[in-house]
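To keep things clear, I will list the structure first and then write my remarks on it.
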Amino acid sequence: MKKTMIIAAMALWSFGSIQAQDNVARPILKNNIKLNSNRMTPEALWAMGRISSYAASPDGKHIVYQVGYYSVKENKSHHVLYMMNADGSGQQLLTKSSKSETDAAWLSSDELAYLSGGEIWTMKLDGTNRQQATNTDGAVEGFKFSPDLSKVIILKSKPFHKIIKENPSDLPKATGRLVSDLMYRHWDHYVESIMHPYVADVTVNGNTIAISKNMVDILEDEPYECPMEPFGGIEQLDWSKDSKQIAYTCRKKTGREYSISTDSDIYLYTINTKKTENLCKPANYKSPDFDATKSLKNQPVNAPENLKNNVGYDQNPKFSPDGRFVAWQSMERDGYEADRNRLCVYEIATGQKRYITESFDSDVDDFVWSDNKDAMIYFTGVWHATVNLYAVNWKGELKQLSNTWDDFGSIQLMNNGKQLLMERHNYISPADLYIVTPNYKKPEKTTITQITFENKHILDQLDKPKIQQRWAKTTDGKELLYWIILPPDFDETKKYPTLLFCEGGPQSPVSQFWSYRWNFMIMASQGYVVIAPNRRGLPGFGHEWCEAISGDWTGQCINDYLSAIDDAANNLAYVDRDRMGAVGASFGGFSVYYLAGHHNKRFKAFIAHDGAFNLESMYTDTEENWFSNWEYDDAYWNKDLTPNAKRTYENSPHRFVDKWDTPILCIHGELDYRINANQGMGAFNSARMRGIPAELLIFPDENHWVLKPQNGILWQRTFFNWLDRWLKK
């Protein structure tokens with residue numbers, strides 16, 4: 001899973017409406033917690049506000065942004081809107097309701113639209129004159145107004161019974177589900193509804209905006225989702241500058257075909273004619289009939305057919321300011337969810353496509369068109385374990401505009417395109433907003449100014465870890481970068497228990513991310529040195545480095561983990577080689593399960609969260625079958641397995657439980673349909689049957705992540721109690 005996808009979903013998650021207390025509904029607002037310690041704790045982490053969406057006004061004078069606050073006691077969240085001047089001054093809380101208010105968008109320089117209770121509302125920039133613009137019984141899940149404000153796209157879910165049959169009406173309490181095809185559940189839910197984009201007329205009467213109840217389904221009742229599950233939102237659609245067309249993302253497949261393919265496309269829908277054109281494929285193109293029992297790795301990189309027909313993930317279209325072009329993020333190969341994200345630019349008049357980020361051998365995470373005649377595009381991307389800002393022109397000439405140990409988030413233009421509004425974070429600082437003034441001709445003169453300080457009142461009470469980089473030699477003679485996170489008040493003359501962090505993905509960068517679960521600041525603050533390698537399979541080190549992991553989960557990437565921890569143990573005097581542990585989630589959890597049988601006494605404790613344990617079971621357990629098809633290279637039941645597939649299944653962690661000798665904590669969510677909970681249960685049961693000390697933390701109501709506040713606190717406490725038990729004796 002893409003980290004950029006994982007960070008966005010966490011920021012926008014909501015846990016329901018605020019419950020009444022003493023018959024009064026009270027919103028959860030900023031927590032002015034006074035800490036009892038100068039070290040980061042789970043309680044301090046969950047007291048922090050989480051900035052998510054944001055937008056600058058058309059005149060560049062104001063910024064509206066969204067913050068999520070959490071109550072551990074109530075086990076709930078609440079999302080609020082703030083307004084401030086463009087320089088960060090004059091901050092004002094706009095939210096007045098006990099309901100969450102989210103997804104603010106500017107209608108003009110003094111009027112906003114936003115979501116509350118599943119309806120679109122409008123208000124003035126000072127929060128006055130609030131009016132409800134839709135009446136859908138709370139069905140609105142996203143929206144985007146046309147540039148001329150004559151129409152609006154509304155995202156709503158509709159019943160979907162193509163794969164899970166609708167139960168008979170005379171059995172209203174029946175809980176059974178009759179399934180007829182694959183993709184009957186996705187991420188954490190059964191697929192009994194899908195989202196569709198609708199277009200509605202907008203009427204402006206003085207200070208009142210009304211949205212028609214009569215809506216046109218853009219997909220005309222086609223059985224396909226738009227935006228795409230599980231993380232897609234309104235960013236997967238865009239209005240043309242003349243408000244006459246909509247570009248949208250869709251994978252027009254269902255069932256088995258959907259489950260084995262990542263081939264989504266960009267479609268152009270014309271409002272007046274209701275006609276749809278596929279921008280990714282010529283009209284006479286016919287998608288190949290893939291065989292799920294055979295390898296899908298039959299598409300060479302830069303194959304002309306791939307470039308012509310865009311057979312991989314294509315998503316998030318954005319029209320150029322002059323309306324002549326549409327750009328989008330494009331992956332080249334079908335079935336490969338972590339293929340390199342490139343920028344594809346499509347000229348509407350000619351149908352010609354151009355890929356303009358070919359000189360950047362990594363992913364384009366987010367992008368925005370510049371507002372000038374040079375047709376320049378700004379984008380963020382990872383290189384050498386940081387996500388920085390870049391610019392590329394029509395000729396594909398690339399320049400790096402920032403170079404800091406941080407991760408930048410999404411980009412928006414402001415001040416008539418002269419500046420950028422961006423989010424930035426790192427290992428010791430959660431998300432805040434920044435104004436970036438880019439300088440393409442002289443990148444070193446690009447300026448970056450922080451304008452929000454959402455958690456300063458908490459961070460100022462905490463001692464900060466120290467962050468270092470180190471390069472180590474790998475077993476095949478290459479250079480590997482790993483991060484070192486040192487405890488606050490670090491003393492180089494002392495020995496510290498040390499954690500090897502195993503990244504998930506498997507193709508997610510170990511960049512300067514800030515996590516509310518896998519948080520390096522809290523790990524270091526509990527007295528641990530953290531070693532976080534950018535092992536084989538991670539983007540930001542070139543195509544060859546990233547591609548090396550598929551079909552070789554237990555080869556060089558595992559050697560890279562061991563190279564990093566061995567380099568630290570041999571060369572960093574403060575690393576206590578007798579008190580080392582390995583921790584990780586998803587592919588990182590798989591890595592821990594595998595290391596448990598191959599670590600040669602290096603580690604004294606393991607923690608695996610939502611990891612794959614039995615790869616034969618995992619092949620058919622996961623709902624997105626394209627993932628196992630690509631990563632494992634072949635189905636386990638085939639007798640003539642490819643060499644990669646044979647190696648994969650022969651090295652499944654469950655085959656080496658006889659070599660396990662180290663205490664292990666297994667964590668899993670029962671709503672995790674990506675890596676099913678039987679994987680974690682199987683690992684725990686195996687350890688206990690072997691007589692190895694083990695614990696299982698199982699969450700019946702969590703998916704691949706842990707999102708509820710009290711579960712999050714329980715996760716952190718269990719995590720550190722386990723490590724302290726075995727590494728701090």
Side-chain angles (χ1 to χ4, degrees), residues 475 497-504 506 518 528 531 533 535 552-566 569 576-619 621 632 636 646-669 672 675-698 715 718-729:
T475 57
T498 301
L499 304 179
L500 172 69
F501 171 73
C502 301
E503 176 64 295
W518 292 94
Y528 292 94
I531 303 299
R535 46 100 179 135
D552 191 24
W553 278 19
T554 57
Q556 191 57 52
C557 68
I558 297 295
N559 291 336
D560 289 349
Y561 281 136
L562 298 178
S563 293
I565 197 65
D566 287 348
D576 190 341
R577 63 168 60 250
D578 294 323
R579 292 189 295 162
M580 298 196 307
V583 301
S586 197
F587 179 83
F590 161 86
S591 302
V592 168
Y593 289 144
Y594 185 78
L595 286 170
H598 297 83
H599 68 112
N600 294 324
K601 308 292 184 180
R602 286 177 174 87
F603 301 108
K604 297 299 187 292
F606 290 115
I607 299 179
H609 179 124
D610 287 354
F613 172 65
N614 182 331
L615 295 187
E616 288 190 2
S617 174
M618 171 71 180
Y619 180 82
D621 285 351
Y632 304 169
Y636 67 85
K646 189 172 187 294
R647 178 172 60 245
T648 295
Y649 295 118
E650 288 179 350
N651 284 282
S652 176
H654 80 285
R655 294 181 177 272
F656 301 95
V657 174
D658 62 312
K659 295 181 174 60
W660 285 20
D661 57 8
T662 302
I664 187 167
L665 168 65
C666 306
I667 308 174
H668 224 107
D672 185 354
I675 300 178
N676 282 221
N678 64 298
Q679 300 285 323
M681 294 176 186
F684 167 75
N685 294 351
S686 298
R688 290 304 301 130
M689 291 176 71
R690 288 282 327 285
I692 295 169
E695 288 183 352
L696 172 67
L697 178 58
I698 190 78
W715 189 97
T718 305
F719 183 92
F720 290 113
N721 285 342
W722 184 257
L723 293 177
D724 292 352
R725 175 181 173 185
W726 301 105
L727 301 183
K728 288 188 177 181
K729 288 185 178 179

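Positions are given from 1 along the sequence.
Between F613 and C666 the shortest side-chain heavy-atom distance does not fall below 4.5 Å. I607 is not listed as a side-chain neighbour of V592, based on a closest heavy-atom distance of 4.5 Å or more. The shortest distance between side-chain heavy atoms of I675 and S586 falls below 4.5 Å. Y528 places a side-chain heavy atom less than 4.5 Å from the side chain of K728. Residues P497 and L723 form no side-chain contact, since every pair of their non-hydrogen atoms from C-beta on lies 4.5 Å or further apart. Put simply, the side chain of R725 does not reach to within 4.5 Å of the side chain of N721, judged on heavy atoms. Contact annotation: the side chain of E616 approaches that of R655 to within less than 4.5 Å [non-hydrogen atoms, C-beta and beyond]. Between L499 and L727 the shortest side-chain heavy-atom distance falls below 4.5 Å.
At distances below 3.5 Å, not a single donor-acceptor pair connects side-chain atoms of R535 with backbone N or O atoms of A564. For N614 (side chain) and S652 (main-chain N/O), no donor-acceptor pair under 3.5 Å exists by modelled atom type.
Using bins of under 30°, 30° to 60° and over 60° for the plane-to-plane angle, the ring pair F606/H599 lands in the perpendicular bin. Relative ring orientation between H609 and W518 is described as perpendicular, the plane-to-plane angle rising above 60° on a 0-90° scale split at 30° and 60°.
Taking the ring centroids of F590 and F587, they lie under the 6.0 Å cut-off. Between F656 and W660, the distance separating the two ring centers is not shorter than 6.0 angstrom.
The shortest heavy-atom contact between M681 and L696 is CG-CD2, 4.3 Å. Summarising the geometry of F603 relative to G581, their closest heavy-atom pair is CD2-C, 3.6 Å, with the distance given to 0.1 Å. Among all heavy-atom pairs drawn from T554 and I558, the shortest one is CA-CG1, 3.6 Å.
With respect to the salt-bridge test (charged N to carboxylate O, under 4.0 angstrom), the residues D661 and R690 do not qualify.
Here the OH-CG distance, from Y593 to L615, works out to 12.0 Å after rounding to the nearest 0.5 Å. Atom CG of D552 sits about 7.5 Å away from atom OG1 of T648, to the nearest 0.5 Å.
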